[in-house]
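The structure appears right after this line, and notes come after that.
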Amino acid sequence: MAALLRAGSVSSRELAEVALAAISATDRALHAWLAVDADGALAAADAADRALVAARAAGHEGLAGLHPLHGVPLGLKDLVSVRGLPCTAGSRILEGYRPPFDAHITERLRTAGAVIVGKLNMDEFAMGSSTEHSGFGPTANPWDLDRVPGGSSGGPAAAVAAGHVPVAIGTDTGGSIRQPAALCGIVGLRPTYGRVSRYGIVAFASSLDQVGPFARDVRDAAALLHAVAGRDERDATSAPVPVPPELLDLPGSDEVAAATLRGVRLGLPREYFVTGMEPGVEAAVRAAAAELAAAGADVVDVSLPHTEYGLATYYIVAPAEASANLARYDGVRYGHSERGSGGDYITDYKLTRGHGFGAEVKRRIMLGTYALSAGYYDAYYLKAQKVRTLIKADFDRAFAGGIDALVAPTSPGVAWPFGAKMADPVAMYASDACTLPVNMAGLPAISLPCGLAEGLPVGLQLIGPAWSELGLLRLGRAYEAITSSAAWRTATPPGLASAADPTTPTPAERAAVLAGVRP
Ligand code: GLN
């Protein structure tokens, strides 16, 4: 798109119109979008076109000054503040709320000239692994409309996999970028904690949340990361670490990209090949590791012994922080608000929160409040923070020992049918076993498509030391290069054909049928 825009053979308005048409064609059956801002997108596209005309008049210099995302349509997970647009974070409690300001990353995207098309579905407050916990109904996986797209950023992943937009923004607190990227067969990157400002992003668990890109390929993901990364005074945890300009210079040539694998040391952490892992997933991930080795990487077995505690400690720390962050939804300051007949504030507060929050959010608030309460704080929260240090030390040891990156599955299984894990919260939590430790340690990690199992996408996860996003993206680009002729690379998500049929049921109707309930 960037090349066509620069050549003048397509306009940003045309690209925005194509995105809007693709959304109207298939989103009834997918439900990736919670809000589409057609007017705003077309106005931004026209502004991008005017800037392109001016840049073209200024010659090569002028065009070179434009960001690769200039004039390109994209979507945002519905927890990114965009002035004047709805921002629900997938929750009924935020229904009707329109932020009066832009998030830092929204400002950055506008500066880059990107065209914001709308807001994408997600599990309520980013709590979940399937997008079934959205207060506005589930999203379907473009590969199989009866299956989940993963979560919590299921909307962004499905919209990119469906070809609505080439790139989208998600957040990853425990895996919510990487896991849906894996389940939808696209690229997703969770940056190092502190790489991207959280200013204007609805908070889930503040010590774990990070914003990152979804894309069809590694270079697109790198361009989006480049646009949003960097220090912001309004988020004290955003780090003053320079954003490498080389993010925009990943090799286009497969030959050049593949050559970068020679001498790279990759570790296969044995604890990530968890019991209960689907055999097709394990086979695809091991085959990917073998291909990396055959292309010149040195692949060695490593052990990260505290991996098994990742799940338990995450489900103390994340709900604890969430219970504090969610205290602000009191029916006074944001969105949904209920009034009881008693006229007292506590009654209104209970009604608003009782009806505004969904079951999973209430479960997390209860877990978190319990873990933080006097008498339990030391036993649970403090203990979990200590184990968190041990999880981080495992990674530090591997990287200090000369490992450049770890190679692991992203998810132990492929996309599952609607409802399969809804009755069992622990089964839903367990699907994040391979992504959570990275968040506990604050590290960057990328998920890359690496093949199909039973016709559904499998994700390959690469984990690196802090601030190694460029290295991970280079590795990812190299993996793309050595697998560029694989048959699965050109497969289109088979659900898209029926998604375009207006008689196809919506995801909510499908989920109801699968749950044995009449829609
Ligand atoms: N699935 C995990 C959870 O429910 C992670 C979610 C996320 O990364 N936002 O907490």
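In listed order, ligands and their atoms are each counted from 1.
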[X], portion touching ligand 1 at heavy-atom distance under 4.0 Å:
X      : result
Phe204 : side chain
Asp432 : side chain
Phe125 : neither
Arg364 : side chain
Ser152 : side chain

Quiz item: So, the side chain of Asp102 versus the backbone of Arg83: is there a donor-acceptor pair under 3.5 Å, distance only?
Solution: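 Present.
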
Quiz prompt | Backbone N/O of Asp232 and side chain of Ser238: donor-acceptor pair under 3.5 Å | solution = yes

Quiz item: Taking the six-membered ring where the residue is Trp, are the ring centres of Phe125 and Phe204 under 6.0 Å apart?
Solution: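 No, the ring of Phe125 stays outside the 6.0 Å limit from the ring of Phe204, centre to centre.
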
Quiz item: In terms of heavy-atom contacts, does OH of Tyr376 have more than 12 from other residues, nucleotides or ligands at under 6.0 Å?
Solution: no

Quiz item: Is atom OH of Tyr193 surrounded by more than 12 heavy atoms (other residues, nucleotides or ligands) closer than 6.0 Å?
Solution: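 Yes, OH of Tyr193 has more than 12 neighbouring heavy atoms, counting only those of other groups under 6.0 Å.
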
Quiz item: Within 45° of the six-membered ring axis of Phe357 and under 6.0 Å from that ring's centre, is NZ or CZ of Arg363 located there?
Solution: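 Cation-pi check for Arg363 and Phe357: fails.
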
Exercise. Decide whether a cation-pi geometry holds between Arg234 and Tyr199; the criteria are a distance under 6.0 Å from NZ or CZ to the six-membered ring centre and an angle within 45° of the ring axis.
Key: yes

Does any N or O atom in [X] lie less than 3.5 angstrom from one in ligand 1, N or O only?
X      : result
Thr173 : yes
Gly128 : yes
Thr171 : no
Ser129 : yes
Met127 : no

Exercise. Begin with the C-alpha distance, continue with both residues' side-chain angles, and end with the deciding distance and a verdict on salt bridge (Lys or Arg N to Asp or Glu O under 4.0 Å) for Asp424 and Lys421.
Key: CA-CA 5 Å; Asp424 181 357; Lys421 298 186 201 278; over 6 Å; no

Quiz item: Any idea which protein heavy atom is nearest atom 6 (C) of ligand 1, and the distance to it?
Solution: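 That would be Ser176 OG, 2.8 Å.
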
Practice problem: Return the residue, atom name and 0.1 Å-rounded distance of the protein heavy atom closest to atom 10 (O) of ligand 1. | Solution: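 Looking at atom 10 (O) of ligand 1, the protein heavy atom closest to it is Tyr314 OH, 2.6 Å.
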
Quiz item: Do any heavy atoms of Tyr315 fall under 4.0 Å from ligand 1?
Solution: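 Under 4.0 Å: yes for Tyr315.
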
Quiz prompt | Residue-ligand contact Gly175/ligand 1, heavy atom below 4.0 Å | solution =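 Yes, that is the case, since the closest heavy atom of the residue is under 4.0 Å from the ligand.
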
Quiz item: Under 30°, 30 to 60°, or over 60°: which ring-plane class applies to Phe399 and Phe395, parallel, tilted or perpendicular?
Solution: parallel

Exercise. Within a distance under 4.0 Å of any heavy atom of Gly174, pick out the atoms of ligand 1 and give their elements.
Key: 5 (C), 7 (C), 8 (O)

Practice problem: List every atom of ligand 1 that sits less than 4.0 Å from any heavy atom of Ala126, numbering the atoms from 1 in the order shown and giving each element. | Solution: 6 (C), 7 (C), 9 (N)

Practice problem: Decide yes or no for Ser130 and Met428: does some side-chain heavy atom of the first lie under 4.5 Å from some side-chain heavy atom of the second? | Solution: yes

